[in-house]
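Here is the structure we will look at.
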Protein chains: 2
Amino acid sequence: MESDWLLLDRQLCFAVHAASRAFDGAYRRVLGGLGLTYPQYLVMLVLWEREPVTVKELGTALRLDSGTLSPLLKRLEAAGFVRRERSRADERSVLVRLTPEGRRLKERAADVPKTIVGSSGLDPRELAELRSTLRRLTATLDAAVGA
Amino acid sequence: MESDWLLLDRQLCFAVHAASRAFDGAYRRVLGGLGLTYPQYLVMLVLWEREPVTVKELGTALRLDSGTLSPLLKRLEAAGFVRRERSRADERSVLVRLTPEGRRLKERAADVPKTIVGSSGLDPRELAELRSTLRRLTATLDAAVGA
DNA sequence: GACAGATTGATTGTGCACAATTTAATTGTG
DNA sequence: CACAATTAAATTGTGCACAATCAATCTGTC
């Protein structure tokens, strides 16, 4: 029946949109004390794992373009957490590095994951399943759009 | 082990964020021809179901505040899809109604759900399960934040 | 009827997201 | 070597999201 699709779509797009913003809100609350926004935290997570990275690599890892990353990185730099410099090997690229302050922030953010997972109300199995479904959804949607 | 949480959080917050934006992107592409953005489409879905609604009711249904809805509704009004007027019964409230043009748009948007569900790559059972998990996640996160 | 407190929307300021364009640097090809 | 095509960032413009604040209206209580 056609109306099933309509109803499911209506409910699903509400659900995805609302869940994303609820997630943002939960991180916003936890990260506020660190002086980070949620997207800034995502960038820091990448940098805490490997460094330096180019803006391009950050964009690939986070599925974000330079229009989003450029001003965001400037704010992180203004906050003293990262440094940006042109790559000497390829002058087109900009390398992003942590400052000592940015490295120290990792310790202060250590219990963020536990807090968030805890307030999600889902058990590890559900979280893993959700993650897997969302990944598949993202990949398929991106492929359909031709990204 | 602590690092499991860290890893899961890292992967999950990437996944939720990316999935939300991939979803937005898929709708953006489909809705572009109708002159609607994704959040504007969410508002129209509510109006196509019942009308008139107050800004407050829209906010409750979509989990959005007036800071988001006020300018969005002005754009929908400028596009000729809705009309806004102060409620005579309660002068604090603003009633939002469809214009004939807004009602006609419903027909033109009829195959949007099918298109999106189709390009999601998930079967109806998975979609229903995802929707249910996301709802629970949203409710729990909101409760934890005190919304 | 008057006034304190609550409710509804609008506004302001900051930040994220993306499309489209621009600039600079690199690479490939003749 | 020269030059077209490609690539990496930045910029511009539009729109969404939310916190904080404000103005107008309404409600309950005295």
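Every chain is numbered from 1 and lettered A, B, ... according to where its sequence line falls, protein lines coming before strand lines. Excluded from the calculations below are hydrogen atoms, water molecules and symmetry mates; all remaining heavy atoms, backbone and side chain alike, are included.
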With no hydrogens and no angle check, is any side-chain donor or acceptor of [X] less than 3.5 Å from a backbone partner on [Y]?
{"X": "Thr138(B)", "Y": "Ala22(A)", "value": "no"}
{"X": "Asp24(B)", "Y": "Tyr27(B)", "value": "no"}
{"X": "Glu126(A)", "Y": "Asp123(A)", "value": "yes"}
{"X": "Thr99(B)", "Y": "Phe81(B)", "value": "yes"}
{"X": "Ser70(B)", "Y": "Gly67(B)", "value": "no"}

Does [X] put a side-chain nitrogen or oxygen below 4.0 Å from OP1 or OP2 of [N]?
{"X": "Thr54(B)", "N": "dG9(C)", "value": "yes"}
{"X": "Arg84(A)", "N": "dA10(D)", "value": "yes"}
{"X": "Lys74(B)", "N": "dT11(C)", "value": "yes"}

- Message: Base, sugar-phosphate or nothing for Asp24(B)? Non-hydrogen atoms, less than 4.0 Å.
- Response: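 Answer is nothing: Asp24(B) stays at 4.0 Å or more from every strand.
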
Roughly how many Å is it from [atom1] in [X] to [atom2] in [N], rounded to a whole number?
{"X": "Glu77(B)", "N": "dG9(C)", "atom1": "CD", "atom2": "C1'", "value": "14 Å"}
{"X": "Leu31(A)", "N": "dG15(C)", "atom1": "CG", "atom2": "P", "value": "15 Å"}
{"X": "Arg92(B)", "N": "dC26(D)", "atom1": "CZ", "atom2": "C1'", "value": "4 Å"}
{"X": "Glu91(B)", "N": "dA10(C)", "atom1": "CD", "atom2": "C1'", "value": "15 Å"}
{"X": "Leu72(B)", "N": "dA10(C)", "atom1": "CG", "atom2": "P", "value": "12 Å"}
{"X": "Gln40(B)", "N": "dA17(C)", "atom1": "CD", "atom2": "P", "value": "19 Å"}
{"X": "Leu73(B)", "N": "dG9(C)", "atom1": "CG", "atom2": "P", "value": "10 Å"}
{"X": "Leu58(A)", "N": "dA9(D)", "atom1": "CG", "atom2": "P", "value": "9 Å"}

- Message: Please determine whether a side-chain nitrogen of the Lys or Arg among Glu101(B) and Arg104(B) lies less than 4.0 Å from a carboxylate oxygen of the Asp or Glu.
- Response: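 Yes, this pair counts.
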
- Would you kindly compare Ser87(B) and His17(A) by the position of their nearest DNA chain D nucleotide and give the one closer to the 5′ end? His17(A)

- Message: So, using salt bridge (Lys or Arg N to Asp or Glu O under 4.0 Å) as the criterion, who are the partners of Arg28(B) when residues are at least two apart?
- Response: none

Show the distances under 3.5 angstrom between N or O atoms of the protein and N or O atoms of nucleotides 18-23 of chain C.
residue: dC18(C); atom: OP1; partner: Arg21(B); partner atom: NE; Å: 3.4

